[in-house]
Chemist: 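Sharing a structure here in structure tokens format.
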Amino acid sequence: MYNKKAYELGSVRSVIRELFEYGKKRAAEYGADKVFDFSLGNPSVPPPQEVERAIADFVATSEPVALHGYTSAPGDAAVRKAVADYINERFGTAFTADYIYMTCGAAAALTITLGALVTPEADEIIAVAPYFPEYKVFAEGQGASFKVLPITRKDFQIDPEKLYEAVTPRTAAIILNSPNNPSGVVYDDECLKGVARVLGSRSKEFGHPIYIISDEPYRELVYGGIKVGYIPNYYKDCVVCYSYSKSLSLPGERIGYVAVNPEAADAKEIYLAVMGAGRALGYVCAPSLMQYVVGRCLRLSPDLEAYERNRELIYGGLTRIGYECVRPDGAFYLFVKVPGGNDEEFSERAKEYGILVVPGAGFGAPGYVRLSYCVAYDTIKNSLEPFAALYAEFKK
Ligand code: PLP
């Protein structure tokens, strides 16, 4: 006897994993330089040197039992205060340590927040397409019914009228992710104001707050001076889920946080529900050493130069060939419209050229493919010719 739902989740084939395995096989057959793997979203720049120095320094100078011991469940008090102070300094907000809960990355921050917000009366979670596929797993795992707002505008900003129609009395929260995986789009000021207006009016109408869960692993990965709006400054009923996985290139170290907006309705209760959800999910505390490290490295930025060069090359290269896509302002993804519109077929056929791209269907956006451009510059350079041949084939 075993849990059938969990079994299904564990045994379902992962498109990205299969592409990765295929890439390895193909590299062994034809050579690594004939494989253009754009499937994985792993940072390709190392963590800033200061992060490595901080790790070494904590290990060398701290008393080991304390350093590697548990912190309190929501995280070390000094680290939480440092995080809150830093947010306030950047965004003019009023967080305190009592609203910060350290987590194992954004994945844990999201599941915990969903666990805190989903209720029997309001069990609906809305994701805005294109969206990170794990949202469905996280939401359903917390007993939510998962609803998708399909793409409402060609530029992937959100049409407030369409959101208005999608929200119901059962909606607990909507998840926003900006900069976005898989499109790289940053929601602009007008978009965020529109979302805030609609949710504000629907909350009033339905007699309970509809929260925004702001998923922010890519906040620091933006190009050309673009500003990423801070959701608490647009809409008070919100919870921020942050991660250092991409901003400090630490995905394997599992560190991030939940920040409950102190001005949100029932903020204190939500924070306690966050603690309770974390407890029920078995998160004793986030990794202690990593808490101390990010507490010291809050002000560091990633080295964006390599990502930005890659963005220029891939966006310029593909659009010159004729591919259509929205110019990404952040993250390290490009969401490309498939000529002919069949994303599964395109991804399959691309493999014959050694190109690995992820079909858009899993992101709630069939007809597109996602490319992760956190790869070597030469991989992009050498992929442009095969991309052109693929385009010619599909444009027919
Ligand atoms: N949210 C989005 C949009 C992501 O792309 C990812 C990881 O790729 C996550 C959440 C999970 O991030 P973490 O590694 O911090 O758990």
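Counting starts at 1 for both ligands and their atoms, following the listed order.
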Chemist: Any atoms of ligand 1 less than 4.0 Å from a non-hydrogen atom of Asp215? List them with their elements.
Modeler: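 Matching atoms, with element in brackets: 1 (N), 2 (C), 3 (C), 10 (C).
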Chemist: Of all the atoms in ligand 1, which lie at a distance below 4.0 Å from a heavy atom belonging to Ser245?
Modeler: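 The list of qualifying atoms is 13 (P), 14 (O), 15 (O).
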Chemist: Hydrophobic clustering (ILVMFWY, side-chain heavy atoms < 4.5 Å, transitive) - are Val79 and Tyr271 grouped together?
Modeler: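 The answer is yes; both residues are in one hydrophobic cluster.
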Chemist: With heavy-atom distances below 4.0 Å as the criterion, list the atoms of ligand 1 near Tyr218.
Modeler: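 The atoms of ligand 1 under 4.0 Å from a heavy atom of Tyr218 are 3 (C), 4 (C), 5 (O), 8 (O).
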Chemist: So, does Pro217 sit close enough to ligand 1 that a heavy atom of it is under 4.0 Å from the ligand?
Modeler: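 The answer is yes, since Pro217 has a heavy atom less than 4.0 Å from ligand 1.
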Chemist: Could you tell me whether Asn181 and ligand 1 have an N or O pair separated by under 3.5 Å?
Modeler: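 N/O-N/O distance below 3.5 Å exists for this pair.
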Chemist: In this structure, which one of Tyr223, Phe332, Phe132 forms a ring-ring contact (aromatic ring centres under 6.0 Å, His included) with Tyr218?
Modeler: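 Only one of Tyr223, Phe332, Phe132 forms a ring-ring contact (aromatic ring centres under 6.0 Å, His included) with Tyr218, namely Phe332.
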Chemist: Examine Gly105 against ligand 1 and note whether any of their N/O atoms are separated by less than 3.5 Å.
Modeler: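 No; the residue has no nitrogen or oxygen that sits under 3.5 Å from a nitrogen or oxygen of the ligand.
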Chemist: Within ligand 1, which atoms have a heavy atom of Tyr135 less than 4.0 Å away?
Modeler: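 So the answer, numbered in order with elements, is 3 (C).
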Chemist: Salt bridge check, Glu50 against Arg299: does any charged N sit closer than 4.0 Å to a carboxylate O?
Modeler: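 No.
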Chemist: Walk me through it: do Tyr307 and Glu312 pass the test side chain to side chain donor-acceptor pair (under 3.5 Å)?
Modeler: CA-CA 9 Å; Tyr307 294 146; Glu312 294 309 316; over 6 Å; no
Chemist: Can you report which non-hydrogen protein atom sits closest to atom 15 (O) of ligand 1, along with the distance?
Modeler: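 Ranking protein heavy atoms by distance from atom 15 (O) of ligand 1, first comes Ser243 OG, 2.6 Å.
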Chemist: Give a yes-or-no answer on whether the side chains of Asp215 and Tyr135 include a donor-acceptor pair shorter than 3.5 Å.
Modeler: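 Looking only at side-chain atoms, Tyr135 and Asp215 do form a donor-acceptor pair, the distance falling under 3.5 Å.
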Chemist: If we check ring-ring contact (aromatic ring centres under 6.0 Å, His included) with Tyr368, which of these qualifies: Phe335, Phe363, Tyr333?
Modeler: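 The ring-ring contact (aromatic ring centres under 6.0 Å, His included) with Tyr368 is passed solely by Phe335 among Phe335, Phe363, Tyr333.
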Chemist: Students should be able to answer this: which protein heavy-atom is nearest to atom 6 (C) of ligand 1, and at what distance?
Modeler: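 Sorting protein heavy atoms by distance from atom 6 (C) of ligand 1 puts Phe132 CZ, 3.4 Å first.
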Chemist: Taking Phe346 as the fixed residue, which of Phe394, Phe387, Tyr391 is the one that meets the ring-ring contact (aromatic ring centres under 6.0 Å, His included) rule?
Modeler: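 Of all the options given, the one that passes is Phe394.
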Chemist: Distance under 4.0 Å to a non-hydrogen atom of Ala107: what atoms of ligand 1 satisfy this?
Modeler: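 This gives 11 (C), 13 (P), 16 (O) as the contact atoms.
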Chemist: Give the residue and atom name of whichever protein heavy atom lies nearest to atom 12 (O) of ligand 1, and the separation in Å to one decimal.
Modeler: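 Nearest protein contact, heavy atoms only, for atom 12 (O) of ligand 1 is Ala106 CB, 3.7 Å.
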Chemist: Can you find an N or O of Lys246 that's nearer than 3.5 Å to an N or O of ligand 1?
Modeler: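 Yes - when backbone and side-chain N and O of Lys246 are compared with those of ligand 1, one distance drops under 3.5 Å.
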Chemist: With a cut-off of 4.0 Å, which atoms of ligand 1 are near a heavy atom of Asn177?
Modeler: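 In order of number, 3 (C).
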Chemist: List every atom of ligand 1 that sits less than 4.0 Å from any heavy atom of Arg254, numbering the atoms from 1 in the order shown and giving each element.
Modeler: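 Counting atoms of ligand 1 from 1, those under 4.0 Å from Arg254 are 13 (P), 14 (O), 16 (O).
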Chemist: Look at the rings of Phe146 and Tyr131 and say which category their plane angle falls in: under 30° parallel, 30 to 60° tilted, over 60° perpendicular.
Modeler: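 Geometry flag for Tyr131 against Phe146: perpendicular rings.
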Chemist: Does any N or O atom in Tyr333 lie less than 3.5 angstrom from one in ligand 1, N or O only?
Modeler: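 No: no nitrogen or oxygen of Tyr333 is under 3.5 Å from one in ligand 1.
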Chemist: Does NZ or CZ of Arg26 fall inside the cone over Tyr30's six-membered ring, less than 6.0 Å from its centre and within 45° of the axis?
Modeler: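 Ring-cation test returns yes.
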Chemist: Any side-chain donor-acceptor pair under 3.5 Å between Ser178 and Asn180?
Modeler: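 On atom types as modelled, these side chains do not qualify, holding no pair under 3.5 Å.
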